[in-house]
Amino acid sequence: MAKVIMGIQIDQRTKDAVTVQELLTKAGCSIKTRLGLNQNIASCKAEDSCGNKGLILLEFFNGAEEEIKKLEEDLAKLGSIVVKKMEF
């Protein structure tokens with residue numbers, strides 16, 4: 001079984017964040033580590049300090065191949081999402 005790391009780039013965070021969160025919650029028992037990175041833009045107004053892009057890194061438990069495939073398929077249905085995987 002390979003160790004899988006998935007990167008999820010969200011290009012329209014304000015539009016898709018809730019849907020992505022719902023999908024990650026469904027896959028939650030397969031996710032060992034989750035790291036979310038926001039793109040902060042220095043020129044943003046204080047009340048809107050986050051950019052509209054985000055990046056999420058996931059590490060999955062071994063043996064979660066079916067859940068990983070399902071999550072990847074569901075994320076692909078969202079137009080502003082890019083998914084990349086690394087396997088070790």
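When a residue number appears, it is its place in the shown sequence, counting from 1.
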Visitor: Taking all heavy atoms of M6 and all of I68, pick out the closest pair and write down the distance.
Guide: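 In this case the closest contact between M6 and I68 is CE-CG2, 3.8 Å.
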Visitor: Cluster question for you: counting only ILVMFWY and a side-chain heavy-atom cut-off of under 4.5 Å, with indirect links fine, are I10 and I5 together?
Guide: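 No.
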Visitor: Could you tell me whether the side chain of D11 and the main chain of K53 form a donor-acceptor pair under 3.5 Å?
Guide: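 No: the side chain of D11 does not pair with the backbone of K53.
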Visitor: How far does CG of L71 sit from CD1 of I8, to the nearest 0.5 angstrom?
Guide: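 Atom-to-atom, L71:CG and I8:CD1 are 5.5 Å apart.
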Visitor: Can you give each donor-acceptor pair under 3.5 Å made by side-chain atoms of residues 19-28, sequence neighbours left out, with the distance rounded to 0.1 Å?
Guide:
from: Q21; atom 1: OE1; to: R34; atom 2: NH1; distance (Å): 3.1
from: Q21; atom 1: OE1; to: R34; atom 2: NH2; distance (Å): 2.9
from: Q21; atom 1: NE2; to: T25; atom 2: OG1; distance (Å): 3.1
from: T25; atom 1: OG1; to: Q21; atom 2: O; distance (Å): 2.9

Visitor: Rounded to the nearest 0.5 Å, what separates atom CG in L37 from atom CG in L35?
Guide: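 If we round to the nearest 0.5 Å, L37:CG and L35:CG are 4.5 Å apart.
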Visitor: Would you be so kind as to tabulate the donor-acceptor pairs closer than 3.5 Å made by side chains of residues 74-88, with sequence neighbours excluded?
Guide:
from: D74; atom 1: OD1; to: K70; atom 2: NZ; distance (Å): 3.0
from: D74; atom 1: OD2; to: K70; atom 2: NZ; distance (Å): 3.2
from: S80; atom 1: OG; to: D16; atom 2: OD2; distance (Å): 2.2
from: K85; atom 1: NZ; to: E72; atom 2: OE1; distance (Å): 3.1

Visitor: Pairs under 3.5 angstrom only: tabulate donor-acceptor contacts from the side chains of residues 58-67 to other protein residues two or more places apart or in another chain.
Guide:
from: E59; atom 1: OE1; to: T33; atom 2: OG1; distance (Å): 2.7
from: E59; atom 1: OE2; to: K3; atom 2: NZ; distance (Å): 3.2

Visitor: Would you say the side chain of T14 lies within less than 4.5 Å of the side chain of Q12, judging by non-hydrogen atoms?
Guide: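 Side chain of Q12 against side chain of T14, heavy atoms only: no contact under 4.5 Å found.
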Visitor: Enter the distance from R13:CZ to I56:CD1 here, rounded to the nearest 0.5 Å.
Guide: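 If we round to the nearest 0.5 Å, R13:CZ and I56:CD1 are 10.5 Å apart.
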Visitor: Is the number of heavy atoms from other residues, nucleotides or ligands under 6.0 Å of K32 NZ greater than 12?
Guide: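 It does not: K32 NZ has 12 such atoms or fewer within range.
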